[in-house]
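In this text the structure is predicted, and so the values were computed from the model without any measurement. Read the numbers this way: they start at 1 and go in the same order the structure lists the ligands and their atoms. Atom set for the values below is all heavy atoms of this structure, side chains included, hydrogens, waters and symmetry mates excluded.
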Amino acid sequence: YEIYLNGLTGAVPRLPADLTRLEAMVEQRLGPGPAGYVAGGAGDGSAIRANRAALERHRIVPRMLRDVAERDLTTELLGATLPAPLALAPVGILSILHPEAETAAARAAAARGVPYILSSASSTPLEAVAEAMGGAERWFQLYWGKDREVTRSFLDRARAAGYRVLVVTLDTPLLGWRPRDLDQAYLPFLRGVGTANYFSDPAFRAGLAKPVEEDPDAAVLHFVQLFGDPGKTWPDLAFLREHWEGPIVLKGVLHPDDARRAAEAGMDGVVVSNHGGRQVAGSLGAADALPAVAAAAGDRLTVLFDSGVRTGADVFRALALGARAVLLGRPYAYGLALDGQAGVDHVLRSLLAEFDLTLALSGHATPATVTAEDLAPAPPGTT
Ligand code: FNR
């Protein structure tokens with residue numbers, strides 16, 4: 001109704017309702033460096049395209065006359081009641097896009113009761129972001145690096161700052177081959193602005209030969225060397241289980257056997273994700289992995305999904321394919337880049353409104369009733 005009212009009063013929204021237009025606007029306004037940091041993917045970009053294709057392959061089959069007058073999007077997720085099956089995905093070093101960075105994104109999410117998953121590679125210390133979140137759900141994403149003391153320090157800081165859910169990203173033991181970042185020279189972006197969570201961490205600082213302020217280049221290199229650990233294996237999860245009392249969710253699971261191993265390791269959930277196509281060029285679209293992972297998870301694990309979600313229809317498709325909730329990535333980063341907290345709010349509002357309408361017009365009053373039966377395969381050659 002707001003749309004029609006705006007039409008009557010002539011108020012034109014600052015950002016377009018079609019969120020797929022934001023990427024081009026960011027490229028134009030911020031230039032190829034910052035835009036490339038967000039939009040870029042691994043190698044030839046094939047995994048980004050696969051993510052879209054995997055979603056678009058499924059067509060929604062709307063059902064009629066089912067009483068959708070009163071809708072309830074409320075979703076129980078890992079012990080919390082959320083207003084919708086949606087959270088904001090962890091996106092690192094947001095100061096590249098806007099001076100208020102993670103704080104602005106967290107505030108926008110908190111205002112709508114949507115969990116904001118703070119990246120451990122954030123440009124703002126986790127304590128400051130926690131404060132900006134007020135009473136809202138606090139989730140923390142960990143890049144599980146080589147240094148045990150740094151990991152322990154992050155977990156201790158996150159716990160003390162009131163973060164409840166720990167999201168451990170498994171798909172980034174090394175950064176993927178990302179041509180757009182390589183062409184723009186990634187490190188200058190990091191220097192001085194990024195990874196403040198690390199730079200402010202006492203355990204991280206203790207591992208440096210000279211203080212960060214005296215030799216920032218060495219600090220950045222140290223960060224790059226320890227932020228991932230390609231040597232980790234499944235038994236190592238015991239360390240995290242031992243040091244985190246709240247729910248733990250493993251992000252980047254694409255194979256059903258990995259979901260089974262997550263359950264055996266005492267994890268609470270998985271995020272089916274290929275990191276937005278940023279890690280393995282040629283990898284399968286994340287939505288293609290979702291049904292098998294959801295089947296393997298059964299009721300032992302909470303299944304979340306991201307990679308390629310751009311519209312309310314995509315949220316619907318992900319739920320139908322077995323996800324309980326969806327994480328939104330690039331679109332909110334674009335909203336932040338274009339209009340700070342208000343831009344993130346615009347993206348959240350638009351996506352939630354579109355999802356609510358998709359749900360209603362497809363014959364559902366609540367996300368819980370959406371199943372694979374609501375989808376039909378697109379005819380061959382049409383996606
Ligand atoms: C990410 N992602 C990410 N994931 C994570 O666990 N920690 C992080 O710090 C980051 N940083 C990050 C930066 C940027 C610029 C992007 C685009 C993505 C991955 C993110 O959480 C999510 O998996 C993807 O963004 C989902 O794909 P779409 O929806 O953006 O295509």
Discussion item. Tell me whether ligand 1 is touched by S273 - counting only heavy atoms on the residue side and a distance under 4.0 Å.
Written reply: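 Per 4.0 Å heavy-atom rule, S273 contacts ligand 1.
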Fill in: Proximity flag N51 to ligand 1, non-hydrogen atoms under 4.0 Å
no
Worksheet entry | E127 and R157 ion-paired at < 4.0 Å | yes
Worksheet item: Are D268 and R241 ion-paired here, with the side-chain N under 4.0 Å from a carboxylate O?
Response: yes
Discussion item. R310 versus ligand 1: do any nitrogen or oxygen atoms come within less than 3.5 Å of each other?
Written reply: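 Yes - when backbone and side-chain N and O of R310 are compared with those of ligand 1, one distance drops under 3.5 Å.
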Discussion item. Under 3.5 Å between any N/O of R278 and any N/O of ligand 1: does that happen in this structure?
Written reply: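 There is no such contact.
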Fill in: Proximity to ligand 1 by part of T169, non-hydrogen separation under 4.0 Å
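Looking at T169 and ligand 1, just side chain atoms fall under 4.0 Å.
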Do any side-chain atoms of residues 353-365 form donor-acceptor pairs under 3.5 angstrom with protein atoms, and if so which ones, sequence neighbours left out?
| unit_1 | atom_1 | unit_2 | atom_2 | d |
| --- | --- | --- | --- | --- |
| E354 | OE1 | G312 | N | 3.0 |
| D356 | OD1 | R71 | NE | 2.9 |
| D356 | OD2 | R71 | NH2 | 2.9 |
| T358 | OG1 | E354 | O | 2.7 |
| S362 | OG | T358 | O | 2.6 |
| H364 | ND1 | T369 | OG1 | 2.7 |
| H364 | NE2 | D374 | OD1 | 2.9 |
| H364 | NE2 | D374 | OD2 | 3.1 |

Practice prompt. Could you tell me the residue and atom name of the protein heavy atom closest to atom 1 (C) of ligand 1, and the distance to it rounded to 0.1 Å?
Written response: P90 O, 3.7 Å
Worksheet entry | D171: partners by salt bridge (charged side-chain N to carboxylate O under 4.0 Å, His left out), with sequence neighbours left out |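 Residues passing salt bridge (charged side-chain N to carboxylate O under 4.0 Å, His left out) with D171: none at all.
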Discussion item. Working note: V38 + V26, criterion side-chain contact (heavy atoms from CB on, under 4.5 Å); need CA distance, chi angles, decisive distance, verdict.
Written reply: CA-CA 10 Å; V38 182; V26 171; 6.0 Å; no
Practice prompt. For G276, counting its heavy atoms only, list the atoms of ligand 1 lying under 4.0 Å from any of them.
Written response: 24 (C), 26 (C), 27 (O), 31 (O)
Discussion item. Can you check which of K251, Q141, R178 brings a heavy atom nearest to atom 4 (N) of ligand 1?
Written reply: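 When every heavy atom of K251, Q141, R178 is considered, K251 comes closest to atom 4 (N) of ligand 1.
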